[in-house]
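In what follows, every chain begins at residue 1, and chains take the letters A, B, ... in the order their sequences are listed. Quick caveat, the model's predicted, so the values are computed rather than measured.
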Amino acid sequence: MSEEKRLNFLEEIIESDLETGKYDSIQTRFPPEPNGYLHIGHAKSICLNFGLTQRYKGSTNLRFDDTNPSTEETEYVDSIKEDIRWLGFTWANEFYASDYFDRIYSMAVELIEKGLAFVDDSTPDEIASFKGTPTVPGKPTPGRSRSVAENLRLFEAMKAGKYPDGAMVLRAKIDLASPNMHMRDPIIYRIKHTHHHRTGDKWCIYPMYDFAHGQSDSIEHITHSICTLEFIPHRPLYDWFIEQLGIFPSHQYEFARLNLTYTVMSKRKLLQLVNEQYVSGWDDPRMPTISGLRRRGYTPESIRDFCERVGIQKRENIIDVSLLEFCLREHLNKVAPRRMAVLDPIKLILTNYPADQVETMEVENNPEDPNAGTRPVPFTYQLWIEREDFMEIPSKKWFRLAPGAIVRLKNAFIVRCEGFSKDEAGNITEVHATYLPESRSGKDTSGLTVKGTIHWVSVPHAIKAEIRLYDRLFRSENPAAEEGDFKDHINLNSLQIIPEAYLEPGMALADAQTRYQFIRKGYFILDKDSTPGQLVFNQTVTLKDTWAKEAKKI
RNA sequence: UGCCCGAUAGUAUAAUGGUAGUACGACAGUUUUUGGUACUGUUUGUCUUGGUUCGAAUCCAGGUCGGGCAACCA
């Protein structure tokens, strides 16, 4: 227990805040906008916000940042809640920025009364051009000099629905010459005659992010409001509103968002992949969404472990997806029951094994777990084995089947290859072998040592299943950074369907929640498309394959 | 050419003025009835130039490079 955990910069700030007595406990929030599904980048934020209040005394709210009704839907609210729960976190309160619309409206009125906000009826183009540029200061629009009474009257009328969308906005009156563009009289309310997923048609004006987020934090007494780097320039504005309104001083802290190699991580791009049907949906197993990873077979444990390992920093980063896969394999290796499945079958005929005999082999369920036990698997003279486990002319370092070579059939016998047959096209159709009766697993008296062990499934007992293999969705490490359209870099072979693989018979009763290891082939989980008569498995991830590398060298 | 943020092995992440360490990856090997797992070893790094200091990845100054900011998006 003496192992010291290194603190990230947020933990250091929090420990200091707790030590100095600035706070007795901390309060964080996870603030998604319900306009898309959560992805692995959000998982980093979720693990951060909830992790902090697990580690230190405090609690975390789930707050939907639903201030833009034109993009937000209840479907997204539901998926977000499901994903957070699945990741293993429980929020203290479920809040919505829309819960605070009345209070936020009053705050706007207060700002007007203090002469710190005004109604502007300039056109969007006018507002933009009067804002100046980063190097040229802005100029006041005519509305800026309106009286408090007039502003109050107009804002009231905006709320009452007297004006169409875009006719006018409410702006904070700050500093049109600020080098920070966000301080150049930012818009804080706009007119949108749009039905809201929660408040319905009660409102036709909605606060902007900058006039809702900090206020919501403050209302909830959030002590540490954690967001991503692009909000850094918003912080002075965040603080300005809190100061002018004299409300609870929440503080904003920023960290670098997660990026992963060979994928994209923006909701806009992910939505494009869905809408343009490059994938089957938000939960397509190739998507970096939480729902996609879940369907693919990822475990919450492995995702949490990954988020812990990537760390929290302020520098931009792109994490190698192999780290995610490492975390997954590490977890699955410990917990996944082993099974045998042949994905690309050829027949192995044991010429000296009685044709009418069926033996039951006891096969280990998980060599990593002594308590996992064994299961019976039927063995006959006709077996399915992987096509790639036989080589007519073996290469160097090959220690699977080849003419004259011996190999062990996992948890069964050692066999010697005696020959093979081909069809007219020259494809191997059958491999012939003899088995060594004295080499049975557990009572092997053959004295032989074999270098290779392969898996098998008895032909008459095999059950069929569809298996879906996945590869990375993009060919480029960082498709978003490539020239042109990111979709030009999509990997067109990211999904490979094996319509008919052969599985050991017990898999007919496969459990939908269990991630299985198909020995030597990777980890697999039942897909939601699966039915009792037509099993469908997703390959979660392959096993590390050092032979594949060796084979490439040749 | 305004303001803001950042820069440590291939990718991430520590070292908080005192031996540049860890993980993933890669490479090599040992063990193995999964070419899996486990274990061992190897490889590669402080953006740059000055300054402060007995001593700088760390503090200071200049530069370089990367990123962000001018939505009635969040």
Side-chain angles (χ1 to χ4, degrees), chain A residues 6-8 12 31-33 35 65-68 70-72 120 123-124 127-129 131-138 165-171 178-184 186-192 205-206 208-210 212-213 227-236 254 256 261 267-268 309-327 329-330 333-334 338 340 363-364 367-368 397-400 407-412 414 439 441-442 444 449-455 477 517-522 542-551:
Chain A
R6 308 188 200 283
L7 301 182
N8 62 49
E12 283 178 358
E33 183 188 12
N35 68 346
D65 234 335
D66 54 351
T67 57
N68 184 3
S70 29
T71 58
E72 296 154 6
D120 196 337
T123 66
I127 290 180
S129 68
K131 249 186 191 173
T133 69
T135 52
V136 177
D165 287 8
M168 51 186 68
V169 293
L170 184 70
R171 292 225 258 165
S178 173
N180 181 343
M181 297 300 290
H182 295 279
M183 299 298 274
R184 319 248 268 227
I187 292 168
I188 59 180
Y189 260 96
R190 78 286 218 191
I191 301 171
K192 260 182 196 281
I205 56 172
Y206 294 93
M208 300 285 290
Y209 166 85
D210 284 310
H213 200 94
C227 61
T228 45
L229 258 26
E230 67 269 29
F231 291 100
I232 289 177
H234 295 244
R235 183 166 8 106
E254 310 86 11
T261 54
K267 278 195 216 170
R268 202 193 99 250
R309 286 174 188 258
V310 298
I312 302 297
Q313 253 309 326
K314 294 189 80 151
R315 45 185 113 102
E316 307 265 350
N317 58 76
I318 179 160
I319 310 282
D320 197 326
V321 70
S322 65
L323 179 63
L324 214 211
E325 293 179 343
F326 167 82
C327 295
R329 290 190 181 107
E330 187 176 55
N333 177 51
K334 290 185 193 129
R338 272 56 171 176
M340 293 196 285
V363 181
E364 60 194 357
E368 299 296 314
K397 297 191 191 173
W398 177 262
F399 40 89
R400 304 179 196 167
V407 76
R408 159 132 355 235
L409 297 174
K410 177 75 178 168
N411 286 103
I414 294 173
S439 67
S441 280
D444 185 351
T449 56
V450 291
K451 279 204 264 180
T453 299
I454 65 174
H455 59 281
E477 267 204 3
Q517 184 193 107
F518 290 171
I519 251 189
R520 304 207 301 139
K521 295 275 93 177
T542 60
L543 258 25
K544 231 174 114 183
D545 189 354
T546 48
W547 168 252
K549 283 180 200 162
E550 190 63 38

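Rounded to whole Å, atom P of B/rA7 lies 18 Å from atom CD1 of A/I318. Put simply, CD1 on A/I319 is 11 Å from P on B/rU11, counting in whole angstrom units. We find that CG of A/N317 is positioned 11 Å from P of B/rU8, with the value rounded to whole Å. For the pair A/I232 CD1 and B/rC4 C1', the interatomic distance rounds to 7 Å; values are reported in whole Å. Counting to the nearest Å, the P atom of B/rG21 and the CZ atom of A/R6 are 12 Å from each other.
A salt bridge is absent between A/E364 and A/R338: the closest approach of a Lys/Arg side-chain nitrogen to an acidic carboxylate oxygen does not fall below 4.0 angstrom. Salt bridge status for A/R235 with A/E254: present, with a side-chain N to carboxylate O gap under 4.0 Å. Ion pairing between a basic and an acidic side chain is recognised when a charged N comes within 4.0 Å of a carboxylate O; A/R309 and A/E330 show such pairing. Ion pairing between a basic and an acidic side chain is recognised when a charged N comes within 4.0 Å of a carboxylate O; A/D545 and A/K521 show no such pairing.
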- Message: Using a 4.0 Å heavy-atom cut-off to protein, can you give one letter per nucleotide of nucleotides 66-74 of chain B, 5' to 3': B if the base is in contact, S if only the sugar-phosphate is, - if neither?
- Response: -S-SB-BSB
- Summarise protein proximity over nucleotides 35-48 of chain B in one line of letters, 5' to 3': B for base, S for sugar-phosphate only, - for none, counting protein heavy atoms closer than 4.0 Å. BBS-----------
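Comparing A/V450 and A/K314 by the nucleotide of RNA chain B whose heavy atom lies nearest to each, the residue mapping closer to the 5' end is A/K314. Where A/R235 and A/D320 each meet RNA chain B at their nearest nucleotide, the meeting point lying more 5' is that of A/R235.
Annotation: B/rC54 and B/rU48 have their C1' atoms spaced 25 Å apart (nearest Å). Nucleotides B/rU22 and B/rU46 are separated by 16 Å at their C1' atoms, to the nearest Å. With both ends at atom P, the span from B/rA61 to B/rC5 equals 13 Å, rounded to whole Å. For the C1' atoms, the distance linking B/rG17 with B/rG55 amounts to 8 Å, nearest Å. With both ends at atom P, the span from B/rA15 to B/rU43 equals 25 Å, rounded to whole Å. Taking atom C1' on both B/rU11 and B/rA26, the two are 12 Å apart, rounded to the nearest angstrom. With both ends at atom C1', the span from B/rU13 to B/rG45 equals 13 Å, rounded to whole Å. Using atom C1' as the reference point in both B/rC4 and B/rG10, the two lie 30 Å apart (nearest Å).
Checked against side-chain contact (heavy atoms from CB on, under 4.5 Å), A/P134 has the following partners two or more places apart in sequence or in another chain: A/M181. Taking A/P124 as the reference, nothing meets the side-chain contact (heavy atoms from CB on, under 4.5 Å) condition, with sequence neighbours excluded. For A/S129, there are no side-chain contact (heavy atoms from CB on, under 4.5 Å) partners, not counting sequence neighbours.
Using modelled atom types and a 3.5 Å distance limit, the side chains of A/E33 and A/T71 yield a donor-acceptor pair. Side chain to side chain, A/S70 and A/N68 meet the donor-acceptor criterion of an N or O pair below 3.5 Å. A/D210 and A/H182 form no side-chain donor-acceptor contact under 3.5 Å, judged by distance and modelled atom types alone.
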- Note on the structure: Pairs under 3.5 Å (Watson-Crick or G-U), crossing ones as [ ], inter-strand ones as |: RNA chain B comes out as .((((((..((((....[..)))).(((((.......)))))....(((((..]....))))))))))).....
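Between A/I191 and A/V169 the shortest side-chain heavy-atom distance does not fall below 4.5 Å.
More than 12 heavy atoms of other residues, nucleotides or ligands lie within 6.0 Å of NZ in A/K314, so this atom counts as buried by the packing criterion.
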